[in-house]
Amino acid sequence: LAMSSVSVPPPKCLQKTFVAPRRHMFGPGPSNVPPRILAAGAEPVIGHMHPEMLEIMSDIKSGIQYAFQTENNMTIAVSGTGHTAMECAIFNAVEPGEGVLTAVNGIWGERAAEMAERIGAKVNSIVTTAGGYFTSEEIDQALAKHKPVLFFLTHGESSTGVVHPLDGIGDICHKHNCLFLVDCVASMGGAPLYMDKQGIDILYSGSQKVLNAPPGTAPISFSERKCKNNYKNTCWNTYFLLLSMSFFLDMTWLANYWGCDGKPARIYHHTAPVSAFYALRESLAILAEQGLENSWQRHREVAEYLHEGVENMGLKLFVKDKNARLPTVTTIVAPPGYDWKEITSYIMKNHNLEISGGLGPSVGQVLRVGLMGGNSSKASVDMVLEALRDALRYCHKSKV
């Protein structure tokens, strides 16, 4: 036999069939993907520039406009997770040396600040305690002091379980000649959100939360509020006239690929995740069939049912203001005397159910329960409550 020319043998681990475990994904995301969306993602792959693909992308655009409640033409899905959309927003809105103000009431404001710092922006932050939020007066004062070109705020802060009020903040930003950027990854479809009415200039989300699609696509929309007069026909915003720090996330290219720039020909930019776009389209179709207002109401009612059950067990909710509790991700104060890691591990092992600990500022302080999209039901709540009761019976509790 001739000697092999390869020195690295085929890995034995790949010679075994992989079967993904079936679990109840009741953490802060990703959520369970229903069979209808899984089936859509398994459809035959076609070319990323084929006419049928461009039609699917047009459907996705319409679905995002509905979910965001916007008529913005510059609406697409970025090929990547919510972090990708966060970078897309910042990289296309800010130049090195310009000012950015981030509102930090959890981890996502911290992440936005780091991304802006990496491209050389002058970053300032307003900070409040985990579980809290900012008043319009505090935001107004900070904008007057720092004079940024961009203000970042998280609508659904999944690390602390807060849904931040949005009404009036867009007007405050525009009074200070500042763009308003909002993260709605954990809130879109689960809490009321009106991009156009609330004066949001840039809004982005993710596919793996309420939409119940696999992680890997991220809706994003840019308003046309800042169009220059001589660019109105093509709707180029002033923030697209700068050269993005990222080629992959450059909206001048992406807008053309998504047919948002009014040009007759689309130019190859990257190979889009075809199967992921199938799944995203199906998830947006399901949301449209259910109706946004119905989805908002269901998430609120299921969250309130969970809150009542948690408090009846003698546990405390982390966010004290009932109106500021995020309907999609509930934060429960970590039970005193218990190791939160032991609780989540016990529940995973014995109930095949995921709930999570804290993230960023809430690490060690909370348990996080995410009931999003198809997982948002009273039956899911009952499963979570039974798993928690069981864990508190059998997990070790210190006597201190």
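These values consider heavy atoms only, across backbone and side chains, with no hydrogens, waters or symmetry-generated copies.
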Side-chain H-bond candidate by donor/acceptor type, H269 with D250, under 3.5 Å
no

Tell me, with the steps shown, if R111 and D183 meet salt bridge (charged side-chain N to carboxylate O under 4.0 Å, His left out).
CA-CA 11 Å; R111 288 282 167 92; D183 175 317; over 6 Å; no

Rounded to the nearest 0.5 Å, what's the gap from CG on N92 to CG on L181? Could you check?
11.5 Å

So do I169 and F180 actually touch side chain to side chain, heavy atoms under 4.5 Å?
yes

Is any side-chain heavy atom of M251 closer than 4.5 Å to one of F91?
no

Please determine whether a side-chain nitrogen of the Lys or Arg among K197 and D167 lies less than 4.0 Å from a carboxylate oxygen of the Asp or Glu.
no

Contacts table for residues 317-334: side-chain donor-acceptor under 3.5 angstrom, sequence neighbours left out:
residue: D321; atom: OD1; partner: N323; partner atom: N; Å: 3.0
residue: D321; atom: OD2; partner: Y133; partner atom: OH; Å: 2.9
residue: R325; atom: NE; partner: V319; partner atom: O; Å: 2.7
residue: R325; atom: NH2; partner: V319; partner atom: O; Å: 3.2
residue: T328; atom: OG1; partner: A186; partner atom: O; Å: 2.6
residue: T330; atom: OG1; partner: H307; partner atom: NE2; Å: 3.3
residue: T331; atom: OG1; partner: T160; partner atom: O; Å: 2.9

Run the salt bridge (charged side-chain N to carboxylate O under 4.0 Å, His left out) test on E386 and R393 for me, step by step, so that the C-alpha distance in whole Å, both residues' side-chain angles and the decisive distance to 0.1 Å come before the verdict.
CA-CA 11 Å; E386 177 54 36; R393 280 195 299 265; 3.7 Å; yes

For E301, give me all partners under side-chain hydrogen bond (donor to acceptor under 3.5 Å, both in side chains), at least two apart in sequence or on another chain.
Q297

Contacts under 3.5 angstrom, residues 34-53 side chains, donor-acceptor by atom type, not counting sequence neighbours:
residue: R36; atom: NE; partner: E282; partner atom: OE2; Å: 2.6
residue: R36; atom: NH1; partner: E289; partner atom: OE1; Å: 3.0
residue: R36; atom: NH2; partner: E282; partner atom: OE2; Å: 3.2
residue: R36; atom: NH2; partner: E289; partner atom: OE2; Å: 2.7
residue: H50; atom: ND1; partner: G47; partner atom: N; Å: 3.0

Rounded to the nearest 0.5 Å, what separates atom OG1 in T84 from atom CD1 in I220?
10.0 Å

Where the side chain of R368 meets the backbone of S158, is there a donor-acceptor pair that is under 3.5 Å apart?
yes

